[in-house]
Amino acid sequence: MIDLSTIWAGLLALSIFIYVILDGFDLGIGVIFPFLDNDDDRAIAMNSVAPVWDGNETWLILGGGGLFAAFPLAYAIIMPALYAPFIAMILALVFRGVAFEYRWRDKRHEKTWDRAFHFGSFVATFMQGIVLGAFIQGIEVEGRAYAGGWWDWASPFTFTCGLALTAGYALLGSTWLIMKTENGLRDRAYAIAKNTGRATLLFIGIVSIWTPFLSPKIAAQWLSFPHIFFVLPVPILTLVLAAITAWGLTKRKDNVPFLATIGLFGLCFAGLGIGVTPYIVPHVITIQQAAAPDVSLSFMLVGALIFLPLILGYTAYSYWVFRGKIDPKAGYH
Amino acid sequence: MEDLAVTLARAQFAFTMSFHIIFPAFSIGVASYLLVLEGLWLKTGKDEYLSLFKYWRKIFAVAFGMGVVSGIVMSYQFGTNWSVFSDKTGPVIGPLMAYEVLTAFFLEAGFLGVMLFGMGRVSKRLHFLATFMVALGTLISATWILAANSWMHTPAGYSINEVGQFIPENWMEIIFNPSFPYRLVHMVLAAFLTTAFVVGAVGAWHLLKDKNTATARKMFSMAMWMAAIIAPIQILAGDLHGINTLEYQPAKVMAMEGHYESHPHGAPLYLFGIPDDKAQELKFAIGIPNASSLILKHHLHAPLDGLDTIKAEDRPPVVILFWSFRIMVGIGMMMLCVGIISVFLRWRKKLYDSPLFHKFALIMGPSGFVAVLAGWITTEVGRQPYTVYGILRTSQSIGPVEAPAVGASLIAFVIVYFALFGAGTYYILKMMGQSPEDLGPLTESPVRIASPHLLEGENND
């Protein structure tokens, strides 16, 4: 059961989860950017992620590169199937990525780059939600290739997933700001987090109920033995974490909402995982079928075992260097 | 429809790749330059090194950001347009790219924050370590991606399984495939030269405005040393790379040289000519008799085969290669001229008093980018009609995409890239137009906010 391809599926899932959390909060800041009170607050919000966003986005490259390397067949099927959302996501990431630097270089067009940052973040998030939705919804495969049309991904369900992820990232972004800032900006972030928190919870409910109707195979898997023992605690824990988030937001415990939100994301991720394993293209191609030969997987595993801990170490160090609240005074240059 | 999709997908790859390669070519060089500047500052304590470090760091930040986002495009484009290629080569090329991400991208991105915003928050030693890690990351990245690229030119250490996938047999043979060492050296030197000429041009610009600017003198001097030392080495490295190509991809060299016909008694080096693929001849050819045999075979009368020995469907397009190769070599020779003149002027103690030479250096500023692009066009177009040379044809590498989808995304890429990277280039040029002397005080008290524009001013703490 535990073979190289399973280990790689786990590592890839871990990379994607780390990506979702890390880029999730900095994309989320882009999503809520126009809802901040003034330019000073927007400057502080952007500064709170400026030193780390490159690193956060690198996990996306590992996700794409890792899929290509470990599961080339899955990569070759999923990418053409989700052609338009991926291209839109990539272009949106280009817009918001350059805005980090351009905003400071061109005071005259600051508003333009703020808009690029906001819409880029929003579109990238929305497209990632669509990718997630399309993945659950299923992909048509014939032989070793995608066999559907190039608009198959578009459906009410995938658009709902797009909105759901937007709400989720906005919650991550606003709770990150609560943790990193003070005064007016923090107050605003609290207000935004309460709204995005409600929206996130609502969407988790909608998608969770919709998924088994859309994909009977996921439903069957959720209800089958022994999966059901893993599935049952998920909704209960979700409610517990939602309550903790709400408590942190009302009692103004600055660090609690962000950490609890990460937990919420973790549970959703686990729920999805239980519903689709051992498939990598849900219910068509299994992890084993898509895996590169063992000689590729073992060669990479050596690197991953050496470098992933190092990467996590110096990433943590970088976060530690820029730890604590950002001094808002420094924003008034 | 099928053929149009291939053409459009190739155009898209060529377009996004050409834009992308510009940024790494520059940031590999600047990262190393920043390392040298910070090291010299720590060693000598001279403010001019710190000024230059901060000056080029700002420019690096913008170029690096553009490199990251244009790079994400590349890692997904293999799948969107070239999914059959991905499926077949994934087991071999995929791990090389995974290693690039694991050993290089994270290193660069992880330490970039500290390098850009961490001065004053961490010790000088740790900050220098961060700069070192960023520079090291750029070089490791180049190593892996060139191993992967070289394998596509000179595949080795693999077998093919029942579904047509390339299966790794020997990783050392795969990584150290026959063209890899030459390509790596040639590209890294190209990155250093490209940066040297950009730095030299910025120095020259400020010298032309005021020849007494200390920082301008310093960067101009450093850049000219690089030009004088690296340009000749690069020409030698390029020559060795060419000989390697002759061994493994002779058709590419035939096209570069414009050798439609075979030369059993020594081939001429064509300096000029108009390649005519239809007639299969080089019109208006001006060449040096037997010189090509001398360069490639180190013997005046060594026989060299021409494209007439290659099947028509296996020939690369001659017109593009013939010209791109000449552009690259021409620029290389001009770079060598700059290097030699700079040594002469330095010897006569006139390096900072020669406005004409400064103007020449200024014009040569973007030449490295042109040479890098021309070089890559030569090697990649020369790989045609294959993606994996001699084995997997380009026309058989494309995924189940339709021409309208590829066409629409190509148009989107063109518009977005020109707008965004055009703006970025403009900002970089604006920053280069400012003198490093105008950066403001160099106080190193803790900076409490992570924004590049705030680092330039004084601190509140």
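Everything quoted here is computed from the prediction, not taken from an experiment. Below, chains carry the letters A, B, ... as their sequence lines are ordered, and counting in each starts from 1.
Of the listed residues (B/Ala408, B/Pro91, B/Gly113, B/Ala130), the greatest number of heavy-atom pairs within a distance under 4.5 Å of chain A belongs to B/Pro91. Contact count versus chain B (heavy atoms, under 4.5 Å) is highest, among A/Leu93, A/Val98, A/Ile90, for A/Ile90. With chain A as the partner, the residue from B/Pro95, B/Pro168, B/Gly94 showing the most heavy-atom pairs under 4.5 Å is B/Pro95. Top candidate by heavy-atom pairs under 4.5 Å with chain A, chosen from B/Ser409, B/Gly110, B/Ser70, is B/Ser409. The residue among B/Ala98, B/Ala419, B/Gly424, B/Gly71 with the most heavy atom pairs within less than 4.5 Å of chain A is B/Gly424. Here A/Ile311 is the residue among A/Ile311, A/Ile87, A/Thr315 with the most heavy-atom pairs under 4.5 Å with chain B. Between chain B and the options A/Val321, A/Asn56, A/Thr58, the largest number of non-hydrogen pairs under 4.5 Å is found for A/Thr58. Your options are A/Phe71, A/Trp53, A/Trp59, and the one with the most heavy-atom pairs under 4.5 Å with chain B is A/Trp59. Of the listed residues A/Ser318, A/Ala292, A/Gly303, the one with more heavy-atom pairs under 4.5 angstrom with chain B than any other is A/Gly303.
Annotation: side chain of B/Val122 is in contact with side chain of A/Tyr317 (closest heavy-atom distance under 4.5 Å). Between B/Val69 and A/Glu57 the shortest side-chain heavy-atom distance falls below 4.5 Å. Annotation: side chain of B/Met66 is not in contact with side chain of A/Glu101 (no heavy-atom distance under 4.5 Å). For the pair A/Val302/B/Tyr99, a side-chain contact is recorded, criterion being any heavy-atom separation below 4.5 Å from C-beta on. At least one side-chain heavy atom of A/Ser296 sits less than 4.5 Å from a side-chain heavy atom of B/Trp171. Residues B/Phe106 and A/Phe307 are not in side-chain contact: their nearest non-hydrogen atoms beyond the backbone lie 4.5 Å or more apart.
Contact of A/Leu60 with chain B is made through backbone and side chain together, with heavy-atom distances under 4.5 Å. Contact of B/Val416 with chain A is made through the side chain alone, with heavy-atom distances under 4.5 Å. The parts of A/Val295 that come within reach of chain B are both its backbone and its side chain, each placing non-hydrogen atoms under 4.5 angstrom from that chain. For B/Glu108, no part sits under 4.5 Å from any heavy atom of chain A, backbone or side chain. When heavy atoms are compared at a cutoff of 4.5 Å, A/Leu62 approaches chain B by way of both its backbone and its side chain. Contacts between A/Trp113 and chain B at a heavy-atom distance below 4.5 Å involve the side chain alone, from C-beta outward. For B/Met431, the part lying under 4.5 angstrom from a heavy atom of chain A is the side chain only. Heavy atoms of B/Lys430 lying under 4.5 Å from chain A belong exclusively to its side chain. Contacts between B/Leu112 and chain A at a heavy-atom distance below 4.5 Å involve the side chain alone, from C-beta outward. Proximity to chain A (any heavy atom under 4.5 Å) is shown, for B/Leu107, by both the backbone and the side chain. Interface residue A/Phe86: only side-chain heavy atoms are found under 4.5 Å from chain B.
Note: B/Thr80 OG1 to A/Ile78 CD1 = 13.0 Å, rounded to the nearest 0.5 Å. Interatomic distance, A/Ile61 CD1 to B/Leu102 CG, rounded to the nearest 0.5 Å: 11.5 Å. Taken to the nearest 0.5 Å, the CZ atom of B/Phe111 stands 14.0 Å off from the CG atom of A/Asp54. Considering CG of B/Asp87 and CE of A/Met79, their distance stands at 13.5 Å, rounded to 0.5 Å. Rounded to the nearest 0.5 Å, atoms CD1 (B/Ile175) and CZ (A/Phe299) are 4.0 Å apart. With rounding to the nearest 0.5 angstrom, the CE atom of B/Met97 is 12.0 Å from the CE atom of A/Met300.
Counting non-hydrogen atoms of other residues, nucleotides and ligands closer than 6.0 Å to CD of B/Glu169 gives a total above 12. Other residues, nucleotides and ligands contribute only 12 or fewer heavy atoms inside 6.0 Å of the OH atom of B/Tyr426.
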Checking B/Ile93 against A/Phe68 for the side chain to side chain contact (heavy atoms under 4.5 Å, CB included) test, could you report, in this order, the C-alpha distance in whole Å, the side-chain angles of both residues, the deciding distance, and whether it holds? CA-CA 9 Å; B/Ile93 290 186; A/Phe68 173 40; 4.1 Å; yes

Would you sort out whether B/Asn81 and A/Tyr83 count as a side-chain hydrogen bond (donor to acceptor under 3.5 Å, both in side chains), showing the intermediate values? CA-CA 8 Å; B/Asn81 287 346; A/Tyr83 194 89; 2.6 Å; yes

Please step through side chain to side chain contact (heavy atoms under 4.5 Å, CB included) for the pair B/Phe421 and A/Val94, ending with a clear verdict. CA-CA 10 Å; B/Phe421 297 136; A/Val94 175; 4.0 Å; yes

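When atom types are taken as modelled, the side chain of A/Tyr102 and the backbone of B/Tyr427 share no donor-acceptor pair closer than 3.5 angstrom.
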